[in-house]
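In the text below, chain A, chain B and the rest are named by the order of the sequence lines, each starting its count at 1.
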Amino acid sequence: MEGGSGAFNSTPSPGSFDKSRVFDVKPLRTLTPVFPSNPQAPFGPYPPGFAPFYPFSPQQGGGPDPSPPPQPPAVPLRSFRAPEPSSHENGTGGGSYSEPPKRAGRRPAVRTIPIAKRAKRGPDDFLLPAPNDSVVLGITQAQKEDGDRGTVLSILMRFDALRRKVGQLEDVKDSQHNGNAKRADLKASAILMSNSIRTNTKKRTGHVPGVEIGDIFFFRMEMCLVGLHAQSMAGIDYLIVRGDREEEPLATSIVSSGYYDNAADDTDILIYSGHGGSSNKNKEASDQKLVRGNLALERSLQKGNEVRVIRGLKDANSPTTKIYVYDGLYTIQESWVEKAKTGCNIFKYKIVRMSGQPGAFSVWKSVAQWKESVSSRVGLILHDLTLAAETIPVALVNDVDGERGPTCFTYLASVRYSKSFKLSHQTSFGCNCRNACQSGDENCACMTKNGGQTPYIGNGVLVCRKPLVYECGPTCPCTANCKNRVSQTGLKVHLEVFKTKDRGWGLRSWDPIRAGTFICIYAGEATNKAISGEVGDSGDYVFDTTRVYDSFRWNCEPGFIEEDLIDTNEEYDMPYPLVISAKNVGNVARFMNHSCEPNTFWQPVVYENNSETYLNVAFFAMRHIPPMTELTYDYGTPRADVPGGSNGHGRMRCLCGSTRCKGYFV
DNA sequence: GTTTAGTCAATTCG
DNA sequence: CCGAATTGACTAAA
């Protein structure tokens, strides 16, 4: 973690072919948001906002030869898969660390929450205080009318926290066969809508403040809440302009579900159908009429106003759901009438993307192409830098300069407990479930340790941050499809390691990532400070749980109305201190850069194996992360009582560009 | 096993 | 107050 030897002093000399030279390309601790806070700012489709030659980076900085000659790709020397469940090669040996006594009186995580008890649910089911209390709601009147980035992100975060919690509760009900568990998205949005926790409520054409091109949404209600598209189902949203004589509608935004992407090659053109007519199966098909959204589109064609376009795309990971991508502003170019198969008339509109906007939908198209044929990825160095140690390949890419890869290291997908320390003298026990563990099962020891309910919903989505998450371990008898082994089952999203413009190598994802999704653990060689007496491997590529991490709120801000629904205890409760070095041995996590405003966070996770407790540092998405956005976390700072800790030694300038950037990192 | 069509419950806004 | 609507989750069938 220490910033002693960053990319600054590792510049390969132009013309150097010295293979023995170590190119230290430790990730610098910065974040480049993929999209700037000003969505109108024009830039290219990929990492924007940074000049290729940055004054702080002599490595690429304006030297006489900015592109050093190609070097042989630096590949992992070897690679290893995670150990087999039954194996016992980890953590053996004669160490003597004792697990500290468990903190007494851990707060029970299960509380009775009145959600959807009745078949017909009303807003009062949620027992919320009356609205109009800005402290309780955490959102001001001005923010309701006009959003900003912080407000939008906050509302989306609150929505998804509620949605995950409702989903978790209904998971329990499902297992007890007594609930009509459905539509957690609607229940979450009902809470926020009925309490006016929303923004950009006034309809407008053009951009919506706080929403950026490329932002992704997993539910239509999310777009309602932030004012991007106010219709919960309809594809065309419009406002009424009151003229001198008459009212006329103008289109503000449309949602395209991709039925008509016949112009597949051109991501800037969209052929959109009007609504109405033959939609209802109970009715006879009929001609579409020039009313409502159809009329609004027609008026917008005449007026030439900007129309927001949201592309609905199939989620490759779960084909049954859709992901919505804000693709920026379009204008309507043409309209005509076609005969549908039923013989009835339908309206068609040709909608064209305005130039100068950053790529959004086009990025998705590119990714799809790379997945089809990885060689089409520009700057590809390695198809899979893990050498099949992970089940999903991780590409190594450099499309900014000639560097052929990071320093050699051995890829390992799991944590190796070197320096032989025993994790605990106390034996610990997993569960005795015979099938997949069920949320709410009182006989499942693992669920009980988690407070009775599953810590995960869906495909590896963390419900809320907790002091500690207890997963089922390799020696738990539950089946392999038990959903409570998220951090042990390897990568689920398709990642790439890439060369950033000015911060060494970084990590990003080809896939869209839902908030709460497990991304990876921090793998490497684990040491235990308490027995080794080390202050910490004060070098690069180290994760140290004893550093000081800024507290932040992910589950729920105290004082918000949903506080009674959501567990607000987000303080970690580490079973023992852990230092993981990924300098020589590690996984993709070693490439994650620091940001003062990160998009991932880490969560301690323990599991049991042969009566011993193992600890993982697992990274999860803080919010929805669009494809090709750099993944970052907060590196934290050394403890003040550590020699060389907070005295500024090894300070590096932070280039994260966040408005909350502290300016440096240690 | 995977994809698709049908069904159902539920939203916001005009 | 009612209806329209490029919903989303689930299930059965192909």
5' priority, DNA chain C, between A:A234 and A:Y324 [closest heavy atom]: A:A234

Taken to the nearest whole Å, CD/A:E170 to P/B:dA9 is 15 Å

Taking C-beta and beyond as the side chain, do A:K348 and A:V337 meet within less than 4.5 Å on heavy atoms? no

Given C:dT6, B:dT11, B:dT3, identify the nucleotide with an atom nearest to the side chain of A:P319. B:dT3

From CG of A:L297 across to P of C:dA5 the rounded distance in Å is 13 Å

Using a 3.5 Å cut-off on both pairing distances, which stems of three or more Watson-Crick or G-U pairs include DNA chain B? B:2-9 with C:7-14, B:11-14 with C:2-5

Tell me: NZ of A:K314 to C1' of B:dT2, nearest whole Å? 12 Å

Assert yes or no for the condition that the ring centre distance of A:F217 to A:H624 is strictly below 6.0 Å. no

Given that A:A184 and A:I236 both sit by DNA chain C, which one's nearest nucleotide is further toward the 5' end? A:I236

Counting heavy atoms not belonging to A:K289, are there more than 12 under 6.0 Å from its NZ? no

What integer distance in Å separates A:F347:CZ from C:dA5:P? 13 Å

Quick check: any donor-acceptor pair below 3.5 Å linking the side-chain of A:R183 to the base of C:dT7? yes

Could you check whether the rings of A:W554 and A:F601 sit parallel, tilted or perpendicular, using 30° and 60° as the cut-offs? tilted

May I ask you to check whether A:Y349 and A:Y272 place their ring centers less than 6.0 Å from one another? no

What's the CG-P distance between A:L228 and C:dT6, to the nearest Å? 17 Å

May I ask you to say whether A:D327 pairs ionically with A:R353, meaning some side-chain N is under 4.0 Å from a carboxylate O? yes

Considering all heavy atoms of both residues, which atom of A:L631 and which atom of A:N599 are nearest to each other, and what is their separation? CA-OD1, 3.5 Å

For A:D160, enumerate each residue passing the salt bridge (charged side-chain N to carboxylate O under 4.0 Å, His left out) test, keeping only those at least two apart in sequence or located in another chain. A:R163, A:R164

Proximal nucleotide (of C:dA9, C:dT7, C:dT6) relative to the A:H275 side chain: C:dT6

Over how many whole Å does the gap from A:H229 atom NE2 to C:dA4 atom P extend? 18 Å

What does the list of N/O pairs under 3.5 Å between the protein and nucleotides 12-14 of chain B look like, with a distance for each?
| residue | atom | partner | partner atom | Å |
| --- | --- | --- | --- | --- |
| B:dT12 | O4' | A:S232 | OG | 3.4 |
| B:dC13 | OP1 | A:R198 | NH2 | 3.0 |
| B:dG14 | OP1 | A:K203 | NZ | 3.0 |

Using side-chain heavy atoms (C-beta onward) and a distance below 4.5 Å, is A:F560 in contact with A:R158? yes

Spacing of A:M223 atom CE relative to C:dT6 atom C1', expressed in whole Å: 10 Å

Tell me the interatomic distance from A:I254, atom CD1, to C:dT6, atom C1', rounded to whole angstroms. 10 Å

